[in-house]
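The first residue of the sequence shown is numbered 1, and numbering continues consecutively from there.
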Amino acid sequence: MPHHTPLIGTIVAGLVVAFIMGSIAHRLKLSPLVGYLVAGILVGPFTPGFVADASLANELAEIGVILLMFGVGLHFSLKDLLSVKNIAVPGALVQIAVATLLGMGLAHLMGWTLMGGLVFGLALSVASTVVLLRALQGADLVDTRRGRIAVGWLIVEDLVMVLALVLLPALAAVMNSADGGGASALLAPLLGTLLKVVGFVVVMLVVGRRLIPLALHWVVHTGSRELFRLAVLAIALGVAFGAAYVFDVSFALGAFFAGMILGETPLSRRATEETLPLRDAFAVLFFVSVGMLFNPSIVVEHPLPLLATVLIIVIGKSIAAWGIVRAFGHPNVTALTIAASLAQTGEFSFILASLGTGLGVLPADARDLILAGAMVSIFLNPILFSMIVRSHRKEEDVPSAADAQLAQTMGHTILVGYGRVGKLIAAQLAAKDVHFVVIEDDKDKSEEAGEAGHIVVRGNALEDRHLRAAGIGEARNMLIAVPEGFEGGAIHEHARHLNANLNVIARAHSDAEVAHLESLGVPHIVMGERELAARMLTLCGAR
């Protein structure tokens with residue numbers, strides 16, 4: 001009996017090698033995403049050594065896309081989606097048209113058919129959901145106006161690709177048939193697809209909006225955290241699968257709507273926390289699966305066509321997106337962010353390439369160029385995106401009036417985290433008239449802190465710009481109330497680098513976390529279990 005199955009081997013190899021290469025990339029000041037792609041090449045069929053199962057890797061990656069889009073839906077309300085429709089809808093359509101025409105032009109030079117050129121251009125026109133969201137999340141831009149435009153733009157692209165996937169078989173049949181078939185051969189599948197998409201949206205808004213919150217509230221009242229976690233995953237995966245099986249829409253679109261509906265309930269924050277670890281793990285497998293598709297020999301065999309393909313993806317699409325956003329009156333930083341977000345291709349490109357090859361309308365060379373172009377663009381995108389974000393960081397770091405007032409205050413306290421513990425600390429500090437500032441990266445928690453009347457800096461305390469916005473140089477105390485002791489240690493190191501005299505009090509949950517914080521020189525460490533035991537002993541008179 002074998003000691004492993006293809007499924008176990010693929011998961012283990014993908015995660016282990018991704019961890020190693022991601023750590024090396026992080027050490028080299030690169031995005032870990034680059035390391036994940038390299039890991040895919042190492043376990044792929046074009047390099048020596050262990051070869052993971054590519055088909056299983058793609059299916060595992062699809063789960064990552066579902067969970068990722070579900071998480072986006074949790075933070076992206078229908079109101080937000082409608083608020084960017086005026087730029088996202090026309091922008092996505094024009095950008096798709098430009099990229100498709102550029103792809104068709106390259107296909108014509110390569111001597112491919114018109115139909116092959118159309119599929120090739122469409123495959124280059126659509127961006128990857130996972131890559132875009134990882135870039136936005138890494139720069140804390142998901143909940144900004146720029147982030148909402150980018151996500152809305154991508155949703156429109158996904159809808160167009162859903163239509164393309166349904167119409168391509170009919171179009172290929174018309175092109176290959178002797179009598180043609182005329183417009184009627186295309187009209188029926190087009191109307192059918194539109195009806196299915198509209199039907200799915202209606203079902204989700206009318207039925208799903210009632211049933212999903214009802215089911216989760218029932219689970220919450222059972223008091224079982226395990227059941228709640230299972231319910232959230234069942235909703236995300238079940239709605240995505242049902243959307244694809246019943247309505248023929250993409251998994252990603254189905255999961256997005258499920259998350260969007262759940263995001264309107266008070267349980268959205270808890271649902272996000274429960275799905276985050278699994279979402280990250282499967283997102284890594286997505287990048288590994290992309291890396292497995294890359295054949296390095298194409299760089300030698302077709303260097304000029306590959307270069308042209310990459311230029312269309314990275315430069316052509318970006319210029320089109322930048323021009324469209326600027327034409328609608330948005331500032332240059334927004335246009336550059338959208339352009340960089342879309343300068344890559346991903347999952348829909350692979351699906352289109354497979355479908356076109358299966359229908360016999362896309363040459364094998366075109367499929368290889370699509371895969372290689374996707375690989376190169378995904379490799380370059382984090383670097384390009386971080387360069388743009390860094391170059392415009394000064395514009396974002398200009399202190400507000402509140403920050404300027406804060407910087408003039410000496411000896412205040414910084415509270416990191418506004419969860420259960422942080423909320424209690426904030427209430428006591430406010431009751432004692434202690435001047436303090438809250439740093440919180442969660443949107444809902446930061447809004448809750450603001451509604452309570454506290455001064456809030458929305459962002460990650462591991463980033464210097466957010467620490468400076470909270471007045472780290474003038475602060476006397478920092479209370480680290482985040483539940484992870486190891487993360488608290490990293491925050492302590494960043495904070496003491498900016499203010500060596502800062503008095504830090506950190507929270508820990510285990511002896512290992514206490515030892516880690518002590519090794520970093522944290523002056524004061526509070527372990528909840530020890531304090532609880534001491535308090536109980538005091539109350540019973542044993543101490």
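- Remark: His509 NE2 is packed, more than 12 non-hydrogen atoms of other residues, nucleotides or ligands lying under 6.0 Å away.
- In summary, of the residues considered (Ile505, Leu467, Val437, Asn499), a side chain to side chain contact (heavy atoms under 4.5 Å, CB included) with Met478 occurs for Leu467 alone.
- With sequence neighbours excluded, no residue forms a ring-ring contact (aromatic ring centres under 6.0 Å, His included) with Phe328.
- Between atom NE2 of residue His492 and atom CG of residue Leu502 there is a gap of 8.0 Å, rounded to the nearest 0.5 Å.
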Next on the checklist: Checking Trp322 against Asn332 for the side chain to side chain contact (heavy atoms under 4.5 Å, CB included) test, could you report, in this order, the C-alpha distance in whole Å, the side-chain angles of both residues, the deciding distance, and whether it holds?
Outcome noted: CA-CA 8 Å; Trp322 179 85; Asn332 188 51; 2.9 Å; yes
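- Between atom OG of residue Ser510 and atom CE of residue Met527 there is a gap of 6.0 Å, rounded to the nearest 0.5 Å.
- Checked against side-chain contact (heavy atoms from CB on, under 4.5 Å), Ala231 has the following partners two or more places apart in sequence or in another chain: Leu216, Val219.
- The shortest distance between side-chain heavy atoms of Met204 and Val239 falls below 4.5 Å.
- Side chain of Lys317 to backbone of Gln95: no donor-acceptor contact under 3.5 angstrom is found.
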Check: residues 516-524 side-chain donor-acceptor pairs under 3.5 Å, at least two apart:
residue: Ser519; atom: OG; partner: His516; partner atom: O; Å: 2.5
residue: His524; atom: NE2; partner: Asn503; partner atom: OD1; Å: 3.2

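- If you take CG on Leu93 and CD on Glu157, they are separated by 9.5 Å, rounding to the nearest 0.5 Å.
- Thr334 places no side-chain N or O within 3.5 Å of a backbone atom of Arg146 that could act as its donor or acceptor partner.
- With hydrogens and angles ignored, the 3.5 Å screen pairs no side-chain donor or acceptor of His466 with any backbone N or O of Leu462.
- For the pair Leu132/Gln344, a side-chain contact is recorded, criterion being any heavy-atom separation below 4.5 Å from C-beta on.
- The neighbour count for Phe19 CZ, taken as heavy atoms of other residues, nucleotides or ligands under 6.0 Å away, does not exceed 12.
- In this structure, Thr413 OG1 and Leu479 CG are separated by 6.0 Å, a value rounded to the nearest 0.5 Å.
- Residues meeting the ring-ring contact (aromatic ring centres under 6.0 Å, His included) test with Phe200, sequence neighbours left out: Phe247, Phe257.
- Side chain of Asn501 to main chain of Arg476: no donor-acceptor pair is present (N/O by atom type, distance under 3.5 Å, no hydrogens or angles).
- Using a distance-only test at 3.5 Å, with no hydrogens or angles considered, no donor-acceptor pair links the side chain of Arg530 to the main chain of Val526.
- Atom CD in Glu440 sits 11.0 Å away from atom CD in Glu447 (nearest 0.5 Å).
- Side-chain contact between Met161 and Ser349 is absent, with no heavy atoms from C-beta onward closer than 4.5 Å.
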Give every donor-acceptor pair under 3.5 Å between a side-chain atom in residues 62-73 and any protein atom, sequence neighbours left out.
none

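- Checking side-chain atoms of Arg507 against main-chain N and O of Ala481 turns up a donor-acceptor pair under 3.5 Å.
- Legend: salt bridge (Lys or Arg N to Asp or Glu O under 4.0 Å) pairs involving residues 414-433, not counting sequence neighbours, sorted by first then second residue: Lys423-Glu448.
- For the atom pair CZ (Phe256) and CD1 (Ile261), the distance works out to 10.5 Å, reported to the nearest 0.5 Å.
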